[in-house]
Amino acid sequence: MLELNYLREKRDEAVERLKRRVNDTYEALVDEVLAVDVKKRKIQHEVEGLLAEMNAHSKEIGALMKKGMKDAAEEAKAKVAEIKSRSQELKQDLAKAEEELKQLLYQIPNAPNLDVKEGKSETDNEEVERSGEIPQLHDGAQPHWDLAAKYNLIDFELGVKITGAGFPLYLGKGAQLQRALINFFLDEAIAAGYAEVIPPLVVNEASGYGTGQLPDKEGQMYHITEDDLYLIPTAEVPITNMFRDVILSQDQLPVKVTGFTPCFRREAGSYGKDVRGLNRLHQFDKVEIVQIVHPNESYTRLGDMVNHVKGILEKLELPYRILRLCGGDLGFAAAITYDFEVYSAAQNKWLEVSSVSNFETYQSTRLMCRYRGDDKKTHLAHTLNGSALALPRIVAALLENHQEPEGIRIPKALQRFTGFEMIN
RNA sequence: GGAGAGGUGGCAGAGUGGUCGAAUGCACCGGUCUUGAAAACCGGCGUACCGAGAGGUACCGGGGGUUCGAAUCCCUCCCUCUCCGCCA
């Protein structure tokens, strides 16, 4: 949610920023919010005046009763009864206005950072950086799904038998490669100052709301209806919810947490596009990095996170590019997002492997994640997160880009984690 | 799955209809003392919203009810803990 105060104080700036998303309903929504807010405050003022009156009378009644002044007490009671019926009506109006306000705020996405380009879809994303050589593959080079079969690394059909499509089974060196990547990514994160956690893979409804998967993206999560719990679509959910309803002290910031978890996504409605091999799965492994930071430094920290991901991709010797998403392609909760894509040499396309975002206060308003500033007051913290990294497409790119006629070469940095230098 | 206990401020823990936004202790912040620290003593110390301010309102797990008045009584839902059973 956007902060109401921000809209009140900087309405024009908010509208200007929202324009990046190329959707003209937002300006009207902002103004509607402001109008309802005025109405709400007016009602609130009135209600609280009446309640104050009632409270005063009630106290008076207590005193009168004690003194035995029954008649005077009865008189006061009658007065209260009258005020009460009026206040109850107003209370309902107030509740209605509050609900209306909330519903309106839920419909407004985060206001993009002004660096974000106006644009409708992914074709408007800006490439801000590109690094690494796109390898020239030998004749007979294959896409990863063929390589996975050739070297017996992944069995997609067996996964179908056990569970269903999108739940691959990793075998032998394929499984070891997964384990190696997870450890490599975690060690990199720890070296960068992140504290490792192993969170639950199943979360309750409140956590789903906290990070914004609920109520909108309900269909993307697996729902255990019997216990009303959800399988996590990303470690962002349990990790960020560690800080739900928490007031941190300023010197605890920045909080940096990393965690490895499997991720479960129903991928409802996304059939037919890029579904071959490892490109899109219902279950996949990912190491996530999360930061809770002081608002003044969230963009510096975002830069650190981008550099962190770059470092990993370079160590894996994969060619990558960084895209700054345009307004229209930006997620609902993000103020800015950098997508990392690695080049998949045999499929001849870029595959998204990481997404690093600053949510500013959009998540923390819902989470109520705050810190106590120098002024002793509470302020909303900024939250950021990024994948560092998601495994399947990295594996796809590693297999494809590092394939040689005699086998698949493991990048040097990864060898101490795999324990082998070649898959052959 | 069965039985029981309980949810109060950062934590612990009182409070069973008005004097309770809530005792007390710990923690924390400021001060006195001290070369410095500790101890001791004094003072402060929940969150949110409304208001220029004075101040007001709400919140004792959530929701509803009784009452002039509810942390306290009633209903309902949720959660946690303990014991037994089962299991890694």
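Note on naming: letters A, B, ... go to the chains in the order of the sequence lines (proteins, then strands), and numbering restarts at 1 for each one.
Considering only side-chain atoms of Thr378(A), the nucleotide from C68(B), A48(B), G56(B) that sits closest is A48(B). Of the candidate nucleotides G46(B), U19(B), C68(B), C68(B) has the atom lying nearest to any side-chain atom of Ser58(A). The nucleotide whose nearest atom lies closest to any side-chain atom of Lys84(A) is, among G51(B), U57(B), U67(B), U67(B). For Ile61(A), the listed nucleotide lying nearest its side chain is C68(B); candidates were C68(B), U19(B), U57(B).
The aromatic rings of Tyr222(A) and Phe167(A) lie tilted to each other, with the angle between the two planes from 30° to 60°. Ring orientation note: the planes of His294(A) and Tyr371(A) are tilted relative to one another, at an angle of 30° to 60°.
Pair check for G55(B) finds C50(B); Watson-Crick or G-U wobble, both atom distances under 3.5 Å. The partner of U72(B) is absent, by the rule that a Watson-Crick or G-U pair needs both atom distances under 3.5 Å. A40(B) is paired with U32(B) under the criterion used here, namely a Watson-Crick or G-U wobble arrangement in which both key atom distances are under 3.5 Å. Pair assignment for G10(B) gives C26(B), based on Watson-Crick or G-U wobble hydrogen-bonding distances that are each under 3.5 Å. A 3.5 Å limit on both hydrogen-bonding distances identifies G2(B) as the Watson-Crick or G-U partner of C83(B). The base-pairing partner of C45(B), taking Watson-Crick or G-U wobble contacts with both distances under 3.5 Å, does not exist among the strands shown.
Comparing the P positions of G21(B) and C59(B) gives an interatomic distance of 11 Å, to the nearest angstrom. Taking atom P on both G9(B) and A48(B), the two are 15 Å apart, rounded to the nearest angstrom. Distance check on atom C1': C45(B) versus G36(B) gives 27 Å, rounded to whole Å. Comparing the C1' positions of C79(B) and U8(B) gives a spacing of 15 Å, expressed to the nearest Å. Across the P atoms, G6(B) and U57(B) are found 34 Å apart, a figure rounded to whole Å. One P atom belongs to G53(B), the other to C60(B), and the distance between them is 27 Å to the nearest Å. U34(B) and C26(B): their P atoms are spaced 24 Å apart (whole Å). Taking the C1' atom of each, U19(B) and A71(B) are spaced 16 Å apart, rounded to whole Å.
Using a 4.0 Å heavy-atom criterion, one finds that Leu51(A) contacts the sugar-phosphate atoms exclusively. Among the atoms of the strands shown, only primed sugar atoms or phosphate atoms (P, OP1, OP2) are found under 4.0 Å from some heavy atom of His45(A). Nucleic acid contact class of Ala76(A) (heavy atoms, under 4.0 Å, all strands): none.
Where Lys40(A) and Gly62(A) each meet RNA chain B at their nearest nucleotide, the meeting point lying more 5' is that of Gly62(A). Each of Ala52(A) and Arg41(A) was matched to the nucleotide of RNA chain B holding its nearest heavy atom; the match closer to the 5' end belongs to Arg41(A).
Checking the phosphate oxygens (OP1, OP2) of G18(B), no side-chain nitrogen or oxygen of Asn55(A) falls inside 4.0 Å.
Lys377(A) places its NZ atom 14 Å from the C1' atom of U47(B), with the value rounded to the nearest Å. Regarding Arg8(A), its CZ atom lies at a distance of 9 Å from the C1' atom of C50(B), rounded to whole Å. For Asp71(A) and C68(B), the CG to P distance is 16 Å, given to the nearest whole Å. Rounding to whole angstrom units, CG of residue Leu94(A) and P of C49(B) are separated by 14 Å. Rounding to whole angstrom units, CD of residue Glu53(A) and C1' of C50(B) are separated by 17 Å. One atom, CG of Asp245(A), and another, P of G9(B), lie 13 Å apart when rounded to the nearest Å. In this structure, the CZ atom of Arg370(A) is 9 Å from the P atom of C49(B), given to the nearest Å. For the pair Lys39(A) NZ and C50(B) P, the computed distance is 16 Å after rounding to whole Å.
Between Glu82(A) and Lys79(A) no salt bridge is recorded (no basic side-chain N to carboxylate O distance below 4.0 Å).
Within a 6.0 Å radius of NZ in Lys117(A), other residues, nucleotides and ligands contribute more than 12 heavy atoms.
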Worksheet item: Are Gln103(A) and Glu99(A) close enough, and set up right, to give a side chain to side chain donor-acceptor pair (under 3.5 Å), and what steps lead you there?
Response: CA-CA 6 Å; Gln103(A) 288 309 322; Glu99(A) 180 60 25; 2.9 Å; yes

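A side chain to side chain contact (heavy atoms under 4.5 Å, CB included) with His144(A) holds for exactly one of Leu398(A), Leu153(A), Asn279(A); it is Asn279(A).
The side-chain tip of Lys173(A) points at the ring of Phe420(A) from less than 6.0 angstrom away and within 45° of straight on.
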